[in-house]
Amino acid sequence: MTSPTKVIFDTDPGVDDAMALYFALAHPAIDVVGITTTFGNVTVEQAATNALYLTAIAGKTVPVTKGVATPWVKPGEAPPAFIHGADGLGNLPSRVATTNQLDPRSSAQFIVDMARAHPGEITLVAVGPLGNLSLALKLEPTLPKLLKEVILMAGTVTEPGNVSPVAEANVWNDPHAADHVFSAGWKLTMVGLDVTHRVILPLALFKKIADHQKHIATDVLHHAVSFYADFYSGIYPHVAKIHGCFGHDVLAFIYLVNPELFTIESGGIRVATEGIANGQTMMKRKDIFHPQAGWADTPATQVCMQVQAEACNAVLEEMLMSDWLPK
Ligand code: BDR
Ligand code: CA
């Protein structure tokens, strides 16, 4: 038997982040060795609080760190409470007391320390704005050699953006950090809106999970997804038909464990960092000469372009219906 993949989960929980975290904690092939948090769907303080809470109520002990609070260059914006709730988890009516505490290191320092301690063993799955990863690269320029691979929920190539016609939220939130990450030269996979908008998860699935395994963690997830599904159903008529939502972040983990469900195209990615296209992930899709500077040495990113949606739904359901929570 092969041992589970060691993963650092860089996240801004966030409802789909919570879904992704529980999928990862449930999956026997994934060993979550740390959770690094960032601003994004909520402030970084709230993101860290939520990561601590989600792990504690699921009975799991995982180090959690607090990371960057703002973008590198552009001014920060108010978090999108209308998508994830003001608390990031669909406005939970109450929380039980928990005692787990933050690891005192910054998220970037934790990433660097873990990568140095386990060279070539750690996969980094990042599903929020990319400031922690960008700062870790500045602290340790050889990070691309120390990490096994990096998988991002970020960006889009052909699918319209969700913040502007061309920008996906995680990239939009810190385009300079994203451009740095896409240019760094690791084994890098982008799981963006091209595939995450193909996989619609019905709210009914999360009710089924909560009914099947009565537990505070499944209740919290069901409550959070209910708020999130109302948002998505309010703006996408085809999502409203099943009262569902996009799973965005969980697709990064499904890619990790079931890459055969995705069709990949390889090419360099750069990010627009100003103007009307701010946050656009632009892909070099043909290996031909372009006279504009900035493209010649861009390392290849594996970009997920198509996905087997039904199979992803089935993988998610199987994992979250499994017996992964303490009685
Ligand atoms: C991404 O933005 C956030 O709102 C979600 O958590 C996801 O990571 C989708 O564009
Ligand atoms: Ca996220």
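Everything numeric here is computed off the predicted structure, so don't read it as measured data. When a ligand or atom number is given, it counts from 1 through the structure's own listing order.
- Under the 30°/60° scheme for interplanar angles, the aromatic rings of Phe23 and Phe253 are found to be tilted.
- Every atom of ligand 1 is numbered from 1 in the order shown, and the set under 4.0 Å from a heavy atom of Asn170 is 1 (C), 2 (O), 3 (C), 7 (C), 8 (O).
- Counting non-hydrogen atoms of neighbouring residues, nucleotides and ligands closer than 6.0 angstrom, the CD atom of Gln101 reaches no more than 12 such neighbours.
- A salt bridge between Glu274 and Lys74 is absent, with no side-chain N of the basic residue lying under 4.0 Å from a carboxylate O of the acidic one.
- In terms of polar-atom proximity, Glu168 is counted as a contact of ligand 1, with an N or O under 3.5 Å from an N or O of the ligand.
- Each of the following atoms of ligand 1 lies closer than 4.0 Å to a heavy atom of Asp17: 6 (O).
- Taking a 6.0 Å sphere around NZ of Lys138, one finds it holds more than 12 heavy atoms contributed by other residues, nucleotides or ligands.
- For Asp249, every heavy-atom contact with ligand 1 shorter than 4.0 Å involves the side chain, none the backbone.
- Between Asp12 and ligand 1, a contact under 3.5 Å exists for no N or O pair.
- With a 4.0 Å cut-off on non-hydrogen atoms, Thr196 does not touch ligand 1 at all.
- Asp249 contributes OD2 as its N, O or S atom closest to the Ca ion (ligand 2).
- Looking only at N/O/S atoms, Asp12 comes nearest to the Ca ion (ligand 2) through OD1.
- The Ca ion (ligand 2) has an N, O or S atom of Asp17 under 3.0 Å away, backbone or side chain.
- The distance criterion of under 3.5 Å between nitrogen or oxygen atoms is met by Val127 with respect to ligand 1.
- Annotation: Asp16 places an N or O atom under 3.5 Å from an N or O atom of ligand 1; distance criterion only.
- Within the 3.0 Å limit, Val127 places at least one N, O or S atom next to the Ca ion (ligand 2).
- Under the ring pair (Phe, Tyr, Trp, His ring centres under 6.0 Å) test applied with Phe246, the options Tyr228, Tyr236, Phe231 reduce to a single match, Tyr236.
- The number of heavy atoms from other shown groups lying within 6.0 Å of CG (Asp287) does not exceed 12.
- Contacts of Val15 with ligand 1, taken as heavy-atom pairs under 4.0 Å, are absent altogether.
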